[in-house]
Structure formats: C-alpha cells, structure tokens
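All values reported here derive from a predicted model rather than from experimental measurement.
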Amino acid sequence: MRLLLLGIMFLFAGEVKSQDVDYLLKEAAQFEKEKKDDDALKKYQEALQVSPSDERALFKCSELSSIIGNRQTDKKFRADNFTAARTYAETVLKQYPESADANYAMALAMDKISSLGGTKEKLQKTGDVHKYLEQALKIKPDHARALYMMGKWNADVSSMNVAEKAALKTVFGGMPSAGLPAAIDLFERARKADPNYLLNYLELAKAYKKNGQSDKAIEILNRLVKLPPRTADDNGYKAEGKTLLESLL
C-alpha cells in the first residue's frame, strides 16, 4: 500500500511539473507576442528551472539570447548574450540532435559569436554555420528561419572579395556553391514558409536589387512596409525598407 501511495505521489508530482512548464511556456510566448523579449527570456529560463531538459525552453533561451545580444551596443553585453546562446544551443543540440530548431539555434549562435571577431574568425566559423543550417534544413526543409539564414549565408559569400573567398575555400576544402540566385531562391522559400517574417523581406529585396532586378525589389519592399510588426526589431526593418524603396522609385 505504501509503495502504491508513493507511486501515486510521484505521478502527481510529474503531472504538476508538466503543468508548471506548460504554463511558463505559454507566458513566455505571450511576452514574445507583446515584443517583451527580456521578459520572455526570463520565463523560458524559469521553465528550465522546473524542467532543465525541456526542448522548447532551451531552444527559445538560445534564440532570444542571440536576438537580445544583437541589439546591445556594449561589446561585453553582446559577448555575454552570444556565449549564453551558444551554451543553450549546445545543450539542446546534445539532447535533441534531430531537432531542426536546435541545429538552427546553434547556427545562429555561431554566426553571432563570429561577428565579434575579425574576418579570419568569421570565415573559420562560416563552415560551422553552414553545417548546422544544412542539418536543420535536412530535418525540416521548410524551416523559415534556417532558410532565411542560408539565404543570407549565400548572399554574404557572393559579396566576399577574392582574398576572403580564397580563405573560405580553405575552410571548405574547395569553394562552396553559393551566389545571389541561390540566396534569392532560399529567401523566397523562407517567405513561403513564413509570409510574415519581415527581416526576410528586407534581405530578399536587397538581393533582388543587387541582382539587377529592381522591379522585384520594389514589389517586395511594398509588401514589407505594409506588414504589421511582430517583433521588437520589425519597425526598424520597415523603416530601412521604406528608405530603400524610396531610393528605387
């Protein structure tokens, strides 16, 4: 009888724990909708205190740490946030290697960390970023954020100078296939996967402009400026898009 009661108690405790995590995750998601990323991150961290291996909480802690860090002007604060993002990403990736979100989070964290260093460090990490994005898209081909990042990766590589491309060739053991047409295709796929991802519209328009397709860029920018902001950064993307649109008219 005692063993039965203990079993019931453990089962009840597990159910309460699950309910607590679900509640915290819902609160965190609501904060994200309200563009309160700092509050959302704290709630996801609270969820990890209840359930340290929760996949969603680990992923969001990593993604938000990268996003929040990217807004910082102080280099130390940026570095602290990006380091935390990588730590969360390493943890979720170790436990859930077949998670597209986990692989995307690692790619994002690596990309942000590389931005703190010089050209050499950035190029060295470029291969890792590509590797994790490739894995994320292998697991989930319509992962909007991974598609966007892979598009940006292609656009960035196409803009490299001769010396940078030579260094990248060393990283990959050969020059990777990359260019504006591939970037545009990936951005368009990301747009289809998430029609309300504003940053993707901005980078897609830039790619079209650079590819000599100003008419397409204007079309994309006209859509961008009409979309409602969903994140704390979206108004900035809309403002940049408006400026670019005016320069093309």
- Tell me, do Y96 and D101 make a side-chain contact under 4.5 Å, heavy atoms counted? no

- Task: Could you give me the CA-CA distance, side-chain angles and deciding distance for M110 and M106, then say whether side-chain contact (heavy atoms from CB on, under 4.5 Å) is met?
- Result: CA-CA 6 Å; M110 293 291 287; M106 180 59 86; 3.9 Å; yes

- Item | salt_bridge(E32, K60) N-O dist < 4.0 Å | yes

- Message: Taking the side chain as everything from C-beta on, heavy atoms only, tell me whether Y104 gets closer than 4.5 Å to S99.
- Response: no

- Message: Counting C-beta onward and ignoring hydrogens, is there a side-chain heavy-atom pair between W153 and D111 closer than 4.5 Å?
- Response: no

- Between R189 and D142, is there a side-chain N and carboxylate O pair less than 4.0 Å apart? no

- Any side-chain heavy-atom pair from R86 and S65 closer than 4.5 angstrom? no

- Message: Just so I know, are the side chains of L198 and L202 near enough to count as touching, which here means a heavy-atom distance under 4.5 Å?
- Response: no

- Task: Would you give the length of the straight line joining atom CG of L204 to atom CG of L199, rounded to the nearest 0.5 angstrom?
- Result: 11.0 Å

- Looking only at heavy atoms, what is the nearest atom pair of K238 and L227, with distance? NZ-O, 2.6 Å

- Message: How long is the straight-line distance from CD1 of I218 back to CG of L244, given to the nearest 0.5 Å?
- Response: 9.0 Å

- Query: In the single-linkage hydrophobic clustering (I, L, V, M, F, W, Y; side-chain heavy atoms under 4.5 Å), do I184 and L224 co-cluster?
  - Reply: yes

- Task: Using a strict cut-off of less than 4.0 Å between a Lys/Arg side-chain nitrogen and an Asp/Glu carboxylate oxygen, indicate whether K76 and D80 qualify as a salt bridge.
- Result: yes

- Here the gap from L48 atom CG to L58 atom CG, rounded to the nearest 0.5 Å, amounts to 4.5 Å

- Take D38 and F31, measure what side-chain contact (heavy atoms from CB on, under 4.5 Å) needs, and give me the verdict at the end. CA-CA 9 Å; D38 290 315; F31 277 130; over 6 Å; no

- Task: Look at the side-chain heavy atoms of Ile, Leu, Val, Met, Phe, Trp and Tyr, link any pair under 4.5 Å apart, and say whether Y132 and Y88 land in one connected group.
- Result: no

- Message: Looking at every heavy atom in both L25 and A47, which two are closest together, and how far apart are they?
- Response: CD2-CB, 4.1 Å

- Task: Dump the intermediate steps for side-chain contact (heavy atoms from CB on, under 4.5 Å) on L108 and V129, then the final yes or no.
- Result: CA-CA 7 Å; L108 181 62; V129 172; over 6 Å; no

- Query: Does the distance from a Lys or Arg side-chain N to an Asp or Glu carboxylate O, for D37 and R71, drop under 4.0 Å?
  - Reply: yes

- Message: Could you check whether any side-chain N or O of D234 sits under 3.5 Å from a backbone N or O of T231, counting only pairs where one atom can act as donor and the other as acceptor?
- Response: yes

- Interatomic spacing from NZ in K36 to NZ in K42 - rounded to 0.5 Å: 12.0 Å

- Item | 4.5 Å side-chain heavy-atom contact, F59 and Y44 | no

- Message: Between K152 and D156, does any side-chain N to carboxylate O distance fall below 4.0 Å?
- Response: yes

- Query: Would Q30 and E34 count as having a side-chain donor-acceptor pair, cut-off 3.5 Å?
  - Reply: yes

- Query: Could E203 and R191 be called an ion pair, given the rule that one side-chain N must be under 4.0 Å from one carboxylate O?
  - Reply: no

- Please work out whether the ring planes of Y148 and Y197 are parallel, tilted or perpendicular, with thresholds of 30° and 60°. perpendicular

- Message: Taking A207's backbone N and O only, do any of them form a donor-acceptor pair with N211's side chain (distance below 3.5 Å, no angle check)?
- Response: no

- Item | N81 versus Q72, closest heavy-atom pair with distance | ND2-CG, 4.1 Å

- Query: Do L248 and Y201 belong to the same hydrophobic cluster, where Ile, Leu, Val, Met, Phe, Trp and Tyr are linked whenever their side-chain heavy atoms lie under 4.5 Å apart, directly or via other members?
  - Reply: yes

- Note on the structure: Heavy-atom closest pair (A28 atom, K43 atom, distance to 0.1 Å) is CB-CB, 3.6 Å

- Least distance between heavy atoms, S62 atom then A89 atom: OG-CB, 3.5 Å

- Message: Counting C-beta onward and ignoring hydrogens, is there a side-chain heavy-atom pair between L180 and N154 closer than 4.5 Å?
- Response: no

- For H130 and M150, run side-chain contact (heavy atoms from CB on, under 4.5 Å): C-alpha distance rounded to whole Å, both residues' side-chain angles, the deciding distance at 0.1 Å, then the answer. CA-CA 7 Å; H130 186 274; M150 189 66 93; 3.7 Å; yes

- Item | Salt bridge K131-E134, side-chain N to carboxylate O under 4.0 Å | no

- Answer yes if the side chains of S159 and K210 hold a donor-acceptor pair under 3.5 Å, and no otherwise. yes

- Message: Whether R223 and E219 form a salt bridge (side-chain N of Lys/Arg under 4.0 Å from carboxylate O of Asp/Glu) is what I want to check.
- Response: yes

- Item | Interatomic distance, D215 atom CG to Y208 atom OH [nearest 0.5 angstrom] | 9.0 Å

- Message: Taking V225 as the starting point, is it possible to reach L249 by hopping between hydrophobic residues whose side chains are less than 4.5 Å apart?
- Response: no

- Message: Please find the pair of heavy atoms, one from F82 and one from S66, that lie closest to each other, and give the distance.
- Response: CE2-O, 3.3 Å

- Query: Do K35 and R230 have side-chain heavy atoms sitting under 4.5 Å apart?
  - Reply: no

- Task: Classify the side-chain pair Y23/E46 by whether it contains a donor and acceptor separated by less than 3.5 Å.
- Result: no

- Message: Tell me whether V21 shares a hydrophobic cluster with V92, the cluster being built from Ile, Leu, Val, Met, Phe, Trp, Tyr side chains joined at under 4.5 Å.
- Response: no

- Message: Return the NE2 to CE distance between H143 and M149, rounded to the nearest 0.5 Å.
- Response: 11.0 Å

